[in-house]
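Residue numbers begin at 1 in each chain, while the letters A, B, ... track the order of the sequences.
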Amino acid sequence: MRINIILLALVSMVLSVTVAKADMTIVSWGGAYTKSQTLAYHEPYTAKTGIKIINDDSAAEAVAKLRAMNEAGNVTWDVVDVVGSDAIRLCDEGLALEIDHDNQLAAAPDGTSASEDFGDLIVADCFVPQIVYSTTFGFRTDVDQWGGKEPDDICDVFDLNTFPGKRSLEKRPINNMEWALLCSGVAKADVYDVLETEEGQSMAFAKLDEIKDSVIWWSAGADTPQLLADGEVVMGSTYNGRLFSLIVEQNQPVKMMWDAQVYDLDGWIIPTGLSPERQQAALDYLYFATDTQRLADQAKYISYGPARASSAPLVGKHAELGIEMGPHMPTAPDNAKNIFVYNFTWWADYRDDLDAKWNAWLAK
Amino acid sequence: MPPFFLKDNILTESKQIVHQHDLQKSLKRSQVRQKVNALLLISPLLLFILITFVFPIADMLFRSVENQIVSRTLPGTIEELSKWDDDSGLPSEQTYFLLAKDLKIAVENKTHTRLGSRLNYEMSGIASTFRKTGRSIKKWDIDQEINYKEKFLNIDKKWGNIEFWRLLKLYSPKVTSGYFLNAVDLIKTTEGISQRDETERIYLFLFQRTIYMSVLITLLCLLMGYPVAYLISSLPLKTANLLLIFVLLPFWTSLLVRTSAWKVLLQQEGVINDILVLVGLVGDLDRLQLINNQFGTIVAMTHILLPFMILPLYSVMKTIPESYVKAAKSLGANEWTSFRRVYFPQSIPGVGAGCILVFILSIGYYITPEIVGGTSGTFISNRIAYHISYSLNWGLGAALASILLVAVLILYYVYDKIIGIDNVKLG
């Protein structure tokens with residue numbers, strides 16, 4: 001019996017040592033995005049500390065999986081990449097660790113505190129912002145029926161006379177409802193107030209009804225680039241980085257529209273329920289991976305804007321193509337002439353309600 | 001009979017009884033041992049089924065009615081609210097005081113926002129009320145201060161909304177029918193149960209569509225699978241095996257690959273439309289919409305599920321002796337009659353097995369409809385997946401899944417009554 005206990009203790013000691021030394025599981029979105037993180041953050045971190053990093057591509061379902069892990073009492077992830085709205089939910093549910101941004105993250109090189117450097121982008125106490133991305137439109141440049149015209153206004157999406165053809169829109173109310181209201185004559189500042197009312201919602205649906213028959217609804221970020229490349233749609237919304245790779249890396253006859261692009265955030269959270277050692281390791285990683293230089297480095301591999309104000313001047317050239325990345329950022333002045341800022345807290349409140357209405361509308 | 005014989009006889013008889021008793025005992029013992037052995041042998045499977053099947057389903061059924069979060073997070077408030085008459089205006093100052101006390105503890109445990117997102121399913125905006133209130137309450141010193149009602153109203157006007165308090169009271173019991181009502185487009189309000197607003201009704205419609213499309217897909221599979229299975233079963237073994245490989249080959253290919261292949265074939269700039277335009281059947285500008293709708297889902301799912309129909313049909317048809325049909329013909333039946341009266345009835349067990357398999361698989365299908373279904377070709381399972389993975393309304397997801405489970409069980413029962421489940425053969 002005693003031997004058993006000793007053996008057990010030994011085994012668990014060996015196990016805990018290997019776990020502590022080993023690896024860290026970082027969850028992200030896969031594809032080009034995870035690749036950019038691997039090159040900008042993971043590899044330098046491994047070189048510095050010897051800690052191996054395992055990538056897990058299940059960020060799309062991170063909230064559900066974290067909740068399940070938490071209920072099962074076995075959290076296997078160390079750091080998770082989520083969008084801003086999911087960070088709010090994880091924080092609300094007590095599934096993400098609250099972070100003291102000023103004390104636990106690096107300050108900017110000029111001494112500006114982290115919370116000031118990130119500014120408004122810290123949408124939840126648990127959230128460490130990483131990039132600003134935008135959902136915007138791309139359109140094909142070779143549509144004969146358009147007679148040489150190019151869409152340059154968000155309302156051109158709703159204009160089937162001047163710009164006939166199929167469009168692809170995301171299969172969820174977020175962003176689409178806002179665009180529909182903007183094109184129904186609602187001022188930018190009033191969009192969410194109007195959307196809160198029944199009349200506002202029916203106004204948005206009425207606008208979307210005008211193009212409903214010409215819409216292909218997407219649910220994965222890769223859908224629109226594929227549909228544009230195949231010529232299945234003439235314009236479509238997706239994340240700006242996806243369009244960048246379609247246009248610049250794959251040379252497709254597609255252009256960006258940028259008008260009324262909706263800014264959204266992506267960043268890190270640390271799950272609650274980690275052992276103190278793992279939690280500390282995760283915090284160490286975040287300290288390293290979210291400093292000014294590291295965030296600027298990521299922009300070498302993907303066209304998303306770094307979340308720190310101090311990183312913007314450091315953004316350089318694409319690592320392989322050698323083109324300046326600055327003009328391709330959603331935050332570049334030329335692209336950001338007309339931006340729409342997505343209201344995280346509003347959607348956290350109205351998401352369930354509008355989603356039910358949205359799906360009933362879709363099914364009609 | 002001489003007495004000593006009798007005595008002897010009694011002796012041997014009692015000996016025999018003792019002997020028999022022993023025998024019975026040892027027989028019993030060995031039977032028990034056998035049973036234990038058998039149980040031990042199946043115990044891995046039993047355990048596996050328990051852990052991966054019975055527990056999750058029980059858990060799902062439980063979640064669809066479970067609602068302990070309200071009374072757990074706000075125990076004092078809920079008790080006070082049970083005495084509150086909701087026609088008499090806002091709750092008492094005492095209720096607000098207890099709410100402050102409960103919330104203070106909840107904020108420390110970070111459960112207040114969780115309760116907020118739970119109640120937000122019933123009334124939009126509650127999530128941020130709780131989030132906001134939590135932030136202020138952190139700084140409160142509960143025993144010192146007075147006038148809680150006013151303080152709460154200063155944080156958020158919702159705390160002075162009587163509908164909000166009624167809702168809190170309505171959803172305070174540990175068990176709720178709310179999720180199930182929601183799953184059939186009803187809503188539980190303070191005035192009782194009523195139908196949801198027309199702009200929010202979706203689930204009954206989706207259940208209907210799921211069942212309708214699953215039946216259609218099953219019938220299409222039967223229609224196409226039956227002749228194929230018949231052909232394969234009547235061919236010589238060598239050719240039959242080759243054809244079987246053709247049936248199985250797509251079966252071995254990844255589901256996603258097959259679904260994406262249909263996308264390439266059916267889309268407007270796809271192969272089929274290209275050919276139709278080339279032949280001149282349709283104009284270049286009005287290419288047919290063959291995917292991202294119901295048609296796309298039906299085509300892709302029929303193709304994917306076809307092997308599940310063909311294989312049981314084939315294995316049953318293989319066992320039908322050729323001589324029966326020959327006998328029927330020799331007795332004067334024509335082709336059709338001999339098929340209808342002799343061959344088909346013998347293939348019914350395969351038809352039953354194939355139909356049940358295809359129907360039950362398709363009713364829970366979700367990845368193919370998600371990819372090729374657009375908006376008119378999605379199933380109820382797509383909503384279940386949405387609620388489990390994205391909206392996190394697991395209660396509603398569980399209620400939808402439970403209804404689906406019950407629907408399948410009812411259909412199974414009806415099938416058993418009409419055709420008989422012992423009449424199903426998988427091989």
Side-chain angles (χ1 to χ4, degrees), chain A residues 58 60-65 67-68 71 86 88-96 98 124-125 145 164 166 168 171-172 196 198 201-202 205 212-213 215-220 223 226-227 229-233 272 345-346 348-364, chain B residues 109-118 120-132 134-135 182 185 196-203 205-206 209 260 263-264 267-270 285 289 291-292 370-371 373-376 378 382-383 385-394 396-397:
Chain A
S58 32
E61 291 181 338
V63 186
K65 288 195 173 169
R67 197 203 242 185
E71 282 189 12
D86 282 344
I88 294 179
R89 290 204 291 166
L90 286 166
C91 219
D92 276 0
E93 297 242 341
L95 297 172
E98 277 185 28
D125 298 333
Q145 293 153 280
K166 295 237 173 205
S168 58
K171 205 196 242 175
R172 62 171 197 174
E196 216 168 298
E198 294 271 327
Q201 290 165 10
S202 19
F205 282 128
K212 193 178 176 189
D213 291 337
V215 174
I216 293 178
W217 303 97
W218 60 268
S219 40
D223 289 347
Q226 186 61 51
L227 291 166
D230 288 353
E232 278 291 292
V233 296
T272 48
T345 40
W346 192 88
D349 280 345
Y350 286 89
R351 179 179 176 137
D352 298 313
D353 181 38
L354 267 184
D355 184 77
K357 289 176 181 161
W358 173 262
N359 278 290
W361 174 77
L362 273 187
K364 256 194 304 190
Chain B
N109 301 329
K110 295 192 183 113
T111 51
H112 65 297
T113 39
R114 199 175 270 210
L115 175 63
S117 25
R118 160 69 186 98
N120 203 62
Y121 297 143
E122 314 302 337
M123 189 191 228
S124 295
I126 293 185
S128 63
T129 303
F130 273 86
R131 209 179 303 125
K132 248 195 284 181
R135 241 175 263 143
N182 199 344
D185 293 334
R196 263 183 193 278
D197 200 51
E198 205 180 334
T199 55
E200 290 179 0
R201 276 179 227 158
I202 171 106
Y203 297 117
F205 172 74
L206 278 179
R209 180 154 86 191
S260 309
K263 243 181 154 165
V264 175
Q267 62 184 3
Q268 287 196 301
E269 303 289 326
L285 287 176
Q289 178 74 43
I291 206 159
N292 295 321
E370 182 68 35
I371 296 174
T375 56
S376 62
T378 48
N382 296 97
R383 292 316 291 157
Y386 171 82
H387 285 302
I388 300 298
S389 301
Y390 300 103
S391 84
L392 290 197
N393 194 346
W394 286 3
L396 179 56

Heavy-atom pairs under 4.5 Å with chain B - which of D353(A), L362(A), N359(A) has more of them than the others?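 Max contact count across the listed options: N359(A).
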
Quick one: which of G231(A), G94(A), S202(A) has the most heavy-atom pairs under 4.5 Å with chain B, could you say?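 With the most close heavy-atom pairs to chain B, the winner is G231(A).
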
Contacting region of [X] [heavy-atom separation from chain A under 4.5 Å]:
X: R131(B); result: side chain
X: T129(B); result: neither
X: I291(B); result: neither
X: E122(B); result: neither
X: S389(B); result: both
X: R196(B); result: neither

Heavy-atom contact with chain B under 4.5 Å, split by part of [X]:
X: E98(A); value: side chain
X: K171(A); value: side chain
X: A62(A); value: neither
X: L354(A); value: neither
X: R67(A); value: both
X: D92(A); value: both

Which atom of [X] lies closest to which atom of [Y], heavy atoms considered:
X: L392(B); Y: A64(A); answer: CD2-CA, 3.5 Å
X: Y390(B); Y: A60(A); answer: CE2-O, 3.2 Å
X: A348(A); Y: A127(B); answer: O-CB, 4.4 Å
X: E232(A); Y: G270(B); answer: OE2-N, 4.4 Å
X: A363(A); Y: I202(B); answer: CB-CD1, 3.8 Å

Apply side-chain contact (heavy atoms from CB on, under 4.5 Å) to the pair K263(B) and Q226(A), showing each step before the final yes or no. CA-CA 11 Å; K263(B) 243 181 154 165; Q226(A) 186 61 51; over 6 Å; no

E93(A) and S117(B): CA distance, side-chain angles, deciding distance, side-chain contact (heavy atoms from CB on, under 4.5 Å) verdict: CA-CA 8 Å; E93(A) 297 242 341; S117(B) 25; 3.7 Å; yes

Given side chains that start at C-beta, do those of D352(A) and S124(B) come closer than 4.5 Å, heavy atoms only?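 They are not in side-chain contact.
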
Please enumerate all residues that pass side-chain contact (heavy atoms from CB on, under 4.5 Å) together with I388(B), with sequence neighbours excluded.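 side-chain contact (heavy atoms from CB on, under 4.5 Å) list for I388(B), sorted by chain: I384(B), W394(B).
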
More than 12 heavy atoms from other groups under 6.0 Å of CD on E71(A):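 Atom CD in E71(A) is packed in, count exceeds 12.
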
CD/Q268(B) to CD1/I216(A) distance, rounded to the nearest 0.5 angstrom?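 It is 6.5 Å, given to the nearest 0.5 Å.
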
Roughly how far, to the nearest 0.5 Å, is the OG1 atom of T375(B) from the CH2 atom of W361(A)?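 Between W361(A) CH2 and T375(B) OG1, I get 8.5 Å after rounding to 0.5 Å.
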
Quick one, Q201(A) with T199(B), criterion side-chain contact (heavy atoms from CB on, under 4.5 Å). Give me CA distance, side-chain angles, the key distance, then yes/no. CA-CA 10 Å; Q201(A) 290 165 10; T199(B) 55; over 6 Å; no

For the residue pair Y386(B) / D355(A), report whether a side-chain donor-acceptor contact shorter than 3.5 Å exists.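 Yes, a side-chain donor-acceptor pair sits under 3.5 Å.
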
K110(B) and T272(A): side-chain contact (heavy atoms from CB on, under 4.5 Å), yes or no, with the steps? CA-CA 11 Å; K110(B) 295 192 183 113; T272(A) 48; over 6 Å; no

